[in-house]
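Counting starts at 1 for both ligands and their atoms, following the listed order. Below, each value reflects all heavy atoms present in this structure, side chains not excepted, and no hydrogens, waters or symmetry copies.
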Amino acid sequence: MIKPGRFIVVEGLEGAGKSSAIATIRNWLQQHQIQVVCTREPGGTPLAEQLRTLVKQIDNNEQLAPETELLLMYAARVQLLTNVIRPALSRGDWVLADRHDMSSRAYQGGGRQLDELLINNLRSTVLGNTRPDLTLYLDIDPAVGLSRAAARGELDRIEQEQLAFFVRTRQKYLQIAATEPDIVSIDASQPLAAVQQAIVSALNDYFSGQADG
Ligand code: Z5A
């Protein structure tokens, strides 16, 4: 019997350090000889990557309505779940995701203040029973995260939002993380080495005995 794959998600505001966290997790998985499929959202399939371009681009001629943004996120997500995530998990591979559903709850639910019922209806239709085993939420003050992101160059459409938008997004992230047991919060304002150590501890605690054999 194929041992079921596990689904790990990394979440957080821009500049929280998700890319570095993913490198740490890949390394941990490699040490345990685990096959992993890495994804990013929105994106991860040819069509979902096109949707990513649409949601990130700045179009001065037409505003993207918040509801359109939400639907595009879930359209990209259903493509990714159907074509990549579920097949990988059923092969027994692990999936390591740079953002997933928690991003929509935080950005579109918290940041854009879209109706929770609408989001929950989409979630149950799109996600079905496929839920992450573990989500690592990297918590960062938005001002710190944005200044890290800005140091990298031009900001995309969402990154150009006002600070208040990211403050609401973070509040929603914290609110979700406080109530759901499969989410581990990590203080991402610490030096990189401390963040990496916290990630490895969370993986060891969570998957001890499950990774090998
Ligand atoms: N979005 C949404 O609204 N709804 C959804 O459902 C989904 C997404 C799925 C995706 O953009 C956008 O879509 C995102 C949310 C929205 N928009 N915004 N705004 P993306 O994927 O292009 O952007 P991102 O996910 O926010 O990536 P990022 O900015 O690259 O963040 P990161 O990966 O967390 O950052 P990083 O590259 O790892 O680190 C940033 C810099 O900080 C880098 O120079 C690091 O060396 C430095 N760093 C990292 N950790 C540390 C520590 N601990 N100390 C000091 N410096 C550090």
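Near G17, the atoms of ligand 1 lying under 4.0 angstrom from a non-hydrogen atom of the residue are 32 (P), 34 (O), 35 (O), 36 (P), 38 (O), 39 (O), 49 (C), 50 (N). Atoms of ligand 1 found under 4.0 Å from any heavy atom of S20 (numbered from 1 in listed order, with element): 38 (O), 49 (C). Short contacts between ligand 1 and I158, defined as distances under 4.0 Å to a heavy atom of the residue, involve ligand atoms 3 (O), 13 (O), 16 (C), 17 (N), 18 (N), 19 (N). When each atom of ligand 1 is checked for a heavy atom of Q108 under 4.0 Å away, the hits are 2 (C), 3 (O), 4 (N), 5 (C), 6 (O). Every atom of ligand 1 with a heavy atom of S104 under 4.0 Å away is listed here by number and element: 5 (C), 6 (O). Which parts of ligand 1 touch S19 is read off a 4.0 Å heavy-atom cut-off, strictly below it: atoms 33 (O), 36 (P), 37 (O), 38 (O).
Checking side-chain atoms of T68 against main-chain N and O of L64 turns up no donor-acceptor pair under 3.5 Å. Counting only distance, with no hydrogens or angles, the side chain of K172 and the backbone of M102 share no donor-acceptor pair below 3.5 Å. Under the 3.5 Å distance criterion, the side-chain polar atoms of R148 are left unmatched by any main-chain donor or acceptor of A143. Looking at Q79, its side chain never comes within 3.5 Å of a backbone N or O of A76 through a donor-acceptor pair. Between the side chain of E49 and the backbone N or O of G44, at least one donor-acceptor pair lies under 3.5 Å.
The CZ atom of R112 lies 11.5 Å from the OG atom of S104; values are rounded to the nearest 0.5 Å.
Residue contacts with ligand 1: E161 is excluded, as none of its non-hydrogen atoms falls under 4.0 Å. Residue contacts with ligand 1 include K56, since one or more of its heavy atoms lies under 4.0 Å from the ligand. Put simply, part of G15 is less than 4.0 Å from ligand 1, judged by heavy atoms.
Taking only nitrogen or oxygen atoms, main chain and side chain alike, Y107 does not reach within less than 3.5 Å of ligand 1. Ligand 1 has no nitrogen or oxygen under 3.5 angstrom from a nitrogen or oxygen of D98. In terms of polar-atom proximity, defined here as any N/O pair under 3.5 Å, H100 makes no such contact with ligand 1.
Under the 4.0 angstrom criterion, atom 46 (O) of ligand 1 counts as lacking any protein heavy-atom contact. Checking atom 43 (C) of ligand 1 against the protein gives no heavy-atom contact under 4.0 Å. In this structure, atom 6 (O) of ligand 1 has protein heavy atoms in its sub-4.0 angstrom surroundings.
Checked against salt bridge (charged side-chain N to carboxylate O under 4.0 Å, His left out), R26 has no partners two or more places apart in sequence or in another chain.
Summary of contacts: the protein heavy atom closest to atom 54 (N) of ligand 1 is R148 NH2, 3.2 Å. In this structure, atom 27 (O) of ligand 1 lies nearest to the protein heavy atom K18 NZ, 4.0 Å.
Across L80 and T45, no two heavy atoms sit closer than the pair CA-CG2, 3.8 Å.
If you check the side chains of W28 and N204, you find a donor sitting under 3.5 Å from an acceptor. In this model, a donor atom of one side chain and an acceptor atom of the other lie less than 3.5 Å apart for E11 and S103.
For atom 21 (O) of ligand 1, the candidate residues are E41, Q190, M102, R52; the nearest heavy-atom contact is made by R52. Among R152, Q196, R99, the residue whose heavy atom lies nearest to atom 26 (O) of ligand 1 is R99.
The aromatic rings of Y107 and Y173 sit perpendicular, their planes meeting at an angle over 60°, well past the 30° parallel limit.
With a heavy-atom cut-off of 4.0 Å, E14 touches ligand 1 through backbone and side chain alike. Contacts with ligand 1 closer than 4.0 Å are made by heavy atoms of both the backbone and the side chain of P42. Under 4.0 angstrom from ligand 1, the non-hydrogen atoms of R77 all belong to its side chain.
Heavy atoms of other residues, nucleotides or ligands lying less than 6.0 angstrom from CD of Q57 number more than 12.
Taking the six-membered ring for Trp and the full ring otherwise, H100 and F7 have centroids separated by under 6.0 Å.
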